[in-house]
Amino acid sequence: IDDTAMNAFATGRDPQHSSVCATAGLLAKLNRTELEGVIGHELSHIGNYDTRLMSVVTVLVGLVTLLGDWLLRASWFGGGRRSRDDRDNSGAIFLVLGLAFAILSPIIAQIIQLAISRRREFLADASSVKLTRQPSGLISALKKLGADKEPLEAANKATAHLYIVNPFKGVHGSLDWFSGLFNTHPPLPERIKILEQMT
């Protein structure tokens, strides 16, 4: 990607149909050992079938959201051959269940999706160390990536989980503790700390 921000990602359904992409900024600012760590991380995503897993999780999140919508619609348009009193009682129950499910299920499903994404980042870090046998390269690369505050212009919310670090660096909300629930990546200091324990 012709961008001075430092980042990289892997995509593809399996190792035979995959690609690794890096920004021009990443290639220019990292040394060979650091690049090996980053590319090892991205190759690990491919080897671990993370893109396929996240596609399945995204579809399941969509199904949960649709289920909530259907339940809510059933409460509004339900009825049929039952008596009016039965319809009023069951309609109220369906309405409450439908509203709760329609509001809470997409939020809970999104948090689960992001938690899986964060866990896969830890796995890719460990797999990169196993592949390169040099945790110091990835540690140094993550420190440089964390210091780079330039957001990646080509990224969007749908693709943010693909990158090695959050592409929206430096963009913080007023409630960082709450917005942390919706991060696609674990905190860099936590990733670095775990990698340093491998040395």
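All values derive from a computational prediction rather than experimental measurement. In what follows, residues are counted from 1 in the order of the sequence shown.
The number of heavy-atom neighbours closer than 6.0 Å to CZ of R52, taken from other residues, nucleotides and ligands shown, is above 12. E153 CD: 12 or fewer foreign heavy atoms inside a 6.0 Å radius.
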_Determine whether R191 and V165 satisfy the following criterion, side-chain contact (heavy atoms from CB on, under 4.5 Å), listing intermediate values before the conclusion._
CA-CA 11 Å; R191 290 171 68 184; V165 293; 4.1 Å; yes
*Check step by step if side-chain contact (heavy atoms from CB on, under 4.5 Å) holds for E190 and R118.*
CA-CA 11 Å; E190 190 176 343; R118 289 189 292 264; over 6 Å; no
*Criterion side-chain contact (heavy atoms from CB on, under 4.5 Å) on D125 and L138, from CA distance to verdict*: CA-CA 8 Å; D125 286 346; L138 186 56; 3.7 Å; yes
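The closest side-chain donor-acceptor pair between E34 and S140 falls under 3.5 angstrom.
Looking only at side-chain heavy atoms (C-beta outward), M54 and S117 come within less than 4.5 Å of each other. Side-chain contact check for T51 versus H45: every heavy-atom pair is 4.5 Å or farther apart.
Separation of atoms CD (E36) and CD (Q134) is listed at 5.5 Å; rounding is to 0.5 Å. Atoms CZ and OG, from F122 and S127 in turn, are 13.5 Å apart once rounded to the nearest 0.5 Å. A distance of 9.5 Å separates OG of S128 from CE of M198, quoted to the nearest 0.5 Å. Here the CD-CG distance, from E150 to N7, works out to 10.5 Å after rounding to the nearest 0.5 Å. In this structure, CZ in R120 is found 10.5 Å from OG in S44, a value given to the nearest 0.5 Å. To the nearest 0.5 Å, atom CD1 of residue I111 and atom CD1 of residue I116 are 12.5 Å apart.
A single hydrophobic cluster is seen to contain both I192 and L145, as judged by linkage of ILVMFWY side chains at heavy-atom distances under 4.5 Å, directly or through other members. Linking ILVMFWY side-chain heavy atoms closer than 4.5 Å, directly or via other members, places V20 and F9 in two distinct hydrophobic clusters. Hydrophobic clustering (ILVMFWY, side-chain heavy atoms < 4.5 Å, transitive): L63 and V56 are in one cluster. Note on I46 and I164: separate hydrophobic clusters, where clusters join Ile, Leu, Val, Met, Phe, Trp and Tyr whose side-chain heavy atoms are under 4.5 Å apart, directly or indirectly. Hydrophobic cluster membership is shared by L195 and L35, with clusters built from Ile, Leu, Val, Met, Phe, Trp and Tyr side chains linked at under 4.5 angstrom.
Closest of all the heavy-atom pairs between D2 and A24 is OD1-CB, 4.3 Å. Contact detail for L30 and M6: the closest heavy-atom pair is CD2-SD, 4.3 Å. Summarising the geometry of C21 relative to I1, their closest heavy-atom pair is SG-CG1, 3.5 Å, with the distance given to 0.1 Å. Residues V38 and A8 share a closest heavy-atom pair of CG1-CB, 3.9 Å.
Of the possible polar contacts, one joining the N31 side chain to the T33 backbone as a donor-acceptor pair under 3.5 Å is found. Between the side chain of K29 and the main chain of T4, a donor-acceptor pair closer than 3.5 Å is present. Listed for the D3 side chain is no donor-acceptor partner under 3.5 Å among the backbone atoms of T23.
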